[in-house]
Amino acid sequence: MATNRQMMVMAGDGIGPEVMTATLKVVDWLAKHRSISFDISEGLVGGAAYDKSGSPLTDETLADAMAADAVLFGAVGGPEYDDLPFELKPERALLGLRKEMDLFANLRPALVFPPLVSASSLKPEIVSGLNIVIVRELTGGIYFAEPRGRDTDANGMVRAFDTNMYTPPEIERIGRVAFDLARKRDGAVMSVEKANVMHSGVLWREVMTALHAAEGEGVSLSHMYADNCAMQLVRNPRQFDVIVTDNLFGDLLSDCAAMLTGSLGMLPSASLGAIDETTGKRHALYEPVHGSAPDIAGQGLANPLAQVLSLAMLLRYSFDQGDDAELLERAVEKALDGELRTGDIMADGCTQTGTDGMIGAVLDSLDALAR
Ligand code: NAD
């Protein structure tokens, strides 16, 4: 049956197809029990696309992704592609999608599910109940701005340089994403930069402050230097609700926040583009934070929960189905309350299972919650 929800699925390489196959069972469950269905198209990406067509991201796949309401992405990469030229490496597919779809806002929740509180490297009393989101600017700043490169100075000394440059519109649009998100949460935004030592940081703080004055109704805005934020994330992470920051600091701080939750196999993410004023739609790509995990690929051992939680984000941010997103998140928590665990989140008293067992526990939990 045709629907008005167009979802493109790109499973990718390694454990990508395994966790995606598992997650599509949840999509089937939603169609059956919640009458939410999607028109699903599939595309090869990364090494799988290179093997078939000689390119990690073909024009056709990119066009399909641009046309879809949302892309659910698995993972790309693997040792068999390590010797390929830079432009043909599987990871280039992801960078190409982010660039062409102008996915400038990266949302990385760091949420500690109660049954996993002991999986964190921090003490339970510090991380218990943690629920923060890092909003990272993804298409500007030091990874992209010019000039960047390498040359030789007048004395023959080699030097390499990158530029951290932002313009007010780039800062405003990521600020708006953070404010919108905070309004649906606890309403607190922490803007992070290094205005004490960087010009780009001074501008970032000025623009965020002005944006808040103009458009920040219902949201509180505070500012913090990035080095202090790193420290506060491991000292008292629950003080944060939404953290908004630039590309470089976001890269570092989101990985730090991720580890507060214990396992890579649990972490979803969303990358969003700007809302089109005519259609009200935005490009969006949802993916687990983990990679293709070649060390366990093909063995049915991968934890599918990050992919399932990425689906929950897709429901919430691309289709405004917050209730269903919450249902999936509660089902994941309920599954974790049971005895089955994949190896990455294994704990005393639990029974080790694989991808099928873990997704089976989620489906059982969905059945129980829907009763
Ligand atoms: P990785 O995330 O693939 O794996 C790191 C470790 O975590 C491994 O021991 C792996 O077994 C484990 N792990 C990851 N996901 C898991 C899951 N769902 N369940 C259980 N265990 C899990 O990172 P890596 O080893 O540094 O990279 C492997 C490949 O993935 C590389 O080619 C890298 O470039 C690529 N990569 C891709 C993405 C992406 O597609 N977005 C992100 C990171 C790395």
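Order of appearance sets the numbers: ligands from 1, and atoms from 1 within every ligand.
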For residues 119-130, please give each side-chain donor-acceptor pair under 3.5 Å, one per line with the distance, not counting sequence neighbours.
from : atom 1 : to   : atom 2 : distance (Å)
S120 : OG     : L122 : N      : 3.0
S120 : OG     : L260 : O      : 2.7

Using a 3.5 Å cut-off on N/O to N/O, what pairs does ligand 1 make with the protein? A line per pair would be great.
from     : atom 1 : to   : atom 2 : distance (Å)
ligand 1 : 2 (O)  : G291 : N      : 2.7
ligand 1 : 3 (O)  : G291 : N      : 3.4
ligand 1 : 3 (O)  : S292 : N      : 3.3
ligand 1 : 3 (O)  : A293 : N      : 2.7
ligand 1 : 9 (O)  : D295 : OD2    : 2.8
ligand 1 : 11 (O) : D295 : OD1    : 2.8
ligand 1 : 11 (O) : D295 : OD2    : 3.0
ligand 1 : 18 (N) : H290 : NE2    : 3.3
ligand 1 : 18 (N) : N303 : O      : 3.0
ligand 1 : 19 (N) : N303 : N      : 2.9
ligand 1 : 30 (O) : S292 : N      : 3.1
ligand 1 : 30 (O) : S292 : OG     : 3.2
ligand 1 : 32 (O) : G78  : N      : 3.3
ligand 1 : 32 (O) : E91  : OE2    : 3.0
ligand 1 : 34 (O) : E91  : OE2    : 2.4
ligand 1 : 40 (O) : V76  : N      : 2.9
ligand 1 : 41 (N) : E287 : OE1    : 3.2

Could you walk me through whether V26 and L311 pass side-chain contact (heavy atoms from CB on, under 4.5 Å), step by step?
CA-CA 9 Å; V26 174; L311 173 66; 3.9 Å; yes
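Residue pairs satisfying the salt bridge (charged side-chain N to carboxylate O under 4.0 Å, His left out) criterion with at least one member in residues 186-208, sequence neighbours excluded, are listed as follows: E193-R205, K194-D227.
Within a 6.0 Å radius of CZ in R159, more than 12 heavy atoms belonging to other residues, nucleotides or ligands are found.
K32 is linked by a side-chain contact (heavy atoms from CB on, under 4.5 Å) to nothing, counting only residues two or more places apart in sequence or in another chain.
Look at R98 and E287 and you find a salt bridge, because one of the NZ, NE, NH1 or NH2 atoms lies within 4.0 Å of a carboxylate O, short of that distance.
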